[in-house]
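Just so you know, these numbers use all the heavy atoms, side chains as well, and skip hydrogens, waters and symmetry mates.
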Amino acid sequence: MKPLNRTTSSTTLKAPERIMQFGGGNFLRAFADWIIDVLNKETDFNGSIVIIKPTEKGDYTTLKEQDGLFHVAIDGVRKDTLVSEVTLVKSISRVIQPYTHWNEYLSLAEDPEMRFIISNTTEAGIKFSESDTFQDAPPKEFPAKLTIWLYHRFQHFEGAIDKGCIILPCELIEQNGDTLRATVLQYAAHWNLGTKFTSWIKESNYFYNTLVDRIVSGYPKERSKTILKKIGYEDSLLVAGEDYHSWVIQGNQIIQKELPFEHTSLNVKFVDDIKTYREMKVRILNGAHTSMVPVGYLSGLRTVKEVMDDPLTNQFVSEILSEEITKTLQDFSTSELNDFVNTTLDRFRNPTLKHFLISISLNSTSKFVSRLLPALKEYTVTYNELPKRIVFALSCVFRFYQGVYDGETIPLNDDPVALASFKKQWKLHLTETITYQQMVSFLLRDIAIWGENLDAINGLSEAVTENLRAIEQHGVRSVIKQITDHKFLV
């Protein structure tokens, strides 16, 4: 079988480099890069993407070897018909690792064709750090890298109004565009880059709030031989995802004119206010994902489909949505919420997706904060009681972060500070230095993990402690059964 590259596939790159993208992981490749590829095919957009490695480790070696080419395997139901197709995505032109090619990264700012910036650096990626300096090559945080790049462009084009950029962050945080813009301005002030640069950022660059949605399961290992035989190439970057996709952009006429999505078959919407769309999507779709990871994994399941095929965990996920999360969404009708919940559950049941829970578990603590904590707090205030299923999901996060369950090591992947805190407290508890209650209370008070003192929520510490004791004594599945039978522990 032939290796995949532009020579073997007779794929030439003609489109000018118009997009800089921070991140080249599975999601962006199966979402944004696939979308741009469709945009190129169905309109006269004619643009390619330069991938920037946002972190120091690695340099997307395989993506370089394949000349930016990869296939996306799409499966799902479209108008009651099962859809299964494999597309060669040609929209990526090259990769730059700024930690080793800083000057090449800055030189990209001098390209007059460069206009769009896309990013997905996880929920923790858009933040300010005083330790980043303007002299760093590069600084650690993504917004710091972006600020220096924009400043270089500002200087090179002498503040030209038409050389600003359209910036589309895909990080799953509220008002991601506004947050990124504020962080860039914070760096500009911190580094004393001047009022002219600040004005150029505000007046000539457009930071849009966006909301992205597509389940991407990664490399389809079990189907890979069949797919590779069909396409005729070795493709280590083959990525599988569902047919459903949605990109909601809170944008004005400028972006609508420059990105002609209305002339495509893509599900991209421009809206005046993204808040309500985001709230429903984050709490229902992402909240369900975040809750099912520790509950399903500790139940011995390893994929989203396994969770949905298992009657016990299926019922738990369905109930956490219908009985708790949807009851905190006041801006939608019951029928709208039920439709979205049913669509979400159907997407989870997609027979061709193998979405591993351990992959979704990345940064579970920050995901809980953004996806489930608001619902937990609002439900508690509205109904004057804790949402039992959300609290159990949180309890399972605590147990998951012990790092070992049923004799098996769990490959944890989260902020080092959070992991260190959980490790220390579990060690103290297991050596009988502190009680369950003391461990839970300490961890809930850790603002570095949750952004606030969760121990202040009445009854939460006691509920999590009781759940952990029940898991230890009876096992996760036994406790889930009590919950789904409405025989709550607390």
### Query
Mind checking whether Leu28 and Ile118 have side chains closer than 4.5 Å, heavy atoms only?
yes

### Query
Do the two ring centres, one from Phe340 and one from Phe332, sit under 6.0 Å apart?
no

### Query
Where is the tightest heavy-atom contact between Thr290 and Ser364, given as atom of each residue plus distance?
CG2-O, 4.5 Å

### Task
Taking the six-membered ring for Trp and the single ring otherwise, decide whether the centroids of Tyr405 and Phe400 are under 6.0 Å apart.
no

### Message
So if I apply the side-chain contact (heavy atoms from CB on, under 4.5 Å) rule between Thr264 and each of Asn267, Leu266, Val268, which one comes out positive?
### Response
Leu266

### Task
Return yes if a side-chain donor-acceptor contact under 3.5 Å exists between Asn5 and Thr8, otherwise no.
yes

### Task
Kindly confirm or rule out a cation-pi arrangement of Arg445 over Trp450, judged by NZ or CZ under 6.0 Å from the six-membered ring centre and within 45° of its axis?
no

### Message
Ignoring hydrogens, what is the shortest heavy-atom contact between Ile201 and Leu185? Give both atom names and the distance.
### Response
CG2-CD2, 3.7 Å

#### Entry: Arg6 and Thr11 side chains, donor-acceptor separation under 3.5 Å
no

#### Entry: Pairs involving residues 17-34, ordered by first then second residue, that meet salt bridge (Lys or Arg N to Asp or Glu O under 4.0 Å) (sequence neighbours left out)
Glu17-Arg94

### Query
Strictly by modelled atom types, are Ser236 and Thr62 linked by a side-chain donor-acceptor pair under 3.5 Å?
no

### Message
Can you confirm whether the side chains of Asp414 and Thr365 place a donor and an acceptor under 3.5 Å from each other?
### Response
yes

### Query
Any chance the side chains of Thr431 and Thr433 put a donor and an acceptor closer than 3.5 Å?
yes

### Query
Where does the angle between the aromatic ring planes of Trp247 and Phe261 fall among parallel (under 30°), tilted (30 to 60°) and perpendicular (over 60°)?
tilted

### Query
Is the shortest side-chain N to carboxylate O distance from Asp235 to Lys2 below 4.0 Å?
no

### Task
Determine whether the side chains of His429 and Gln438 contain a donor N or O and an acceptor N or O closer than 3.5 Å.
no

### Message
Using side-chain heavy atoms (C-beta onward) and a distance below 4.5 Å, is Val184 in contact with Ile167?
### Response
no

### Query
Do other residues, nucleotides or ligands put more than 12 heavy atoms under 6.0 Å from the OH atom of Tyr99?
yes

### Query
Hey, does Phe270 have a side-chain heavy atom less than 4.5 Å from the side chain of Ile255?
yes

### Task
Answer yes or no: is there a side-chain heavy-atom contact under 4.5 Å between Ile449 and Phe368?
no

### Message
Do Ile74 and Arg214 have side chains that approach each other closer than 4.5 Å (heavy atoms only, starting at C-beta)?
### Response
yes

### Query
Got a sec, which pairs hit side chain to side chain donor-acceptor pair (under 3.5 Å) with one end in residues 181-200, sequence neighbours left out?
Asp132-Tyr187

#### Entry: Ion pair Arg283/Glu378, N-O distance below 4.0 Å
yes

#### Entry: Minimum side-chain heavy-atom gap Val307-Val317 below 4.5 Å
yes

#### Entry: Side-chain donor-acceptor pair present, Asn176, Thr179, cut-off under 3.5 Å
no

### Query
Is the distance between the ring centroids of Phe45 and Phe116 less than 6.0 Å?
yes

### Query
Do Lys53 and Thr55 have side-chain atoms, one donor and one acceptor, less than 3.5 Å apart?
yes

### Query
Below 6.0 angstrom between ring centroids: does that apply to Phe348 and His289?
yes

### Which atom of Ala109 lies closest to which atom of Arg153, heavy atoms considered
O-NH1, 2.8 Å

### Query
Do Asn209 and Asp178 have side-chain atoms, one donor and one acceptor, less than 3.5 Å apart?
yes

### Query
Do Asn286 and Lys367 have a side chain donor and acceptor closer than 3.5 Å?
no

### Message
I'd like to check Tyr105 versus Pro138 (side-chain heavy atoms, cut-off strictly below 4.5 Å). Are they in contact?
### Response
no

#### Entry: Minimum heavy-atom distance between Tyr60 and Pro54, given as atom pair plus value
OH-CD, 3.9 Å

#### Entry: Test: Asp37 and Lys41 ion pair at under 4.0 Å
yes

### Query
Below 4.0 angstrom, N of the basic side chain to O of the carboxylate: do Arg278 and Glu171 qualify?
no

### Message
Quick one, Arg347 with Asp243, criterion salt bridge (charged side-chain N to carboxylate O under 4.0 Å, His left out). Give me CA distance, side-chain angles, the key distance, then yes/no.
### Response
CA-CA 9 Å; Arg347 292 167 65 190; Asp243 178 60; over 6 Å; no

### Message
Can you see whether Thr210 engages Gln250 through a side-chain donor-acceptor pair at a distance of less than 3.5 angstrom?
### Response
no

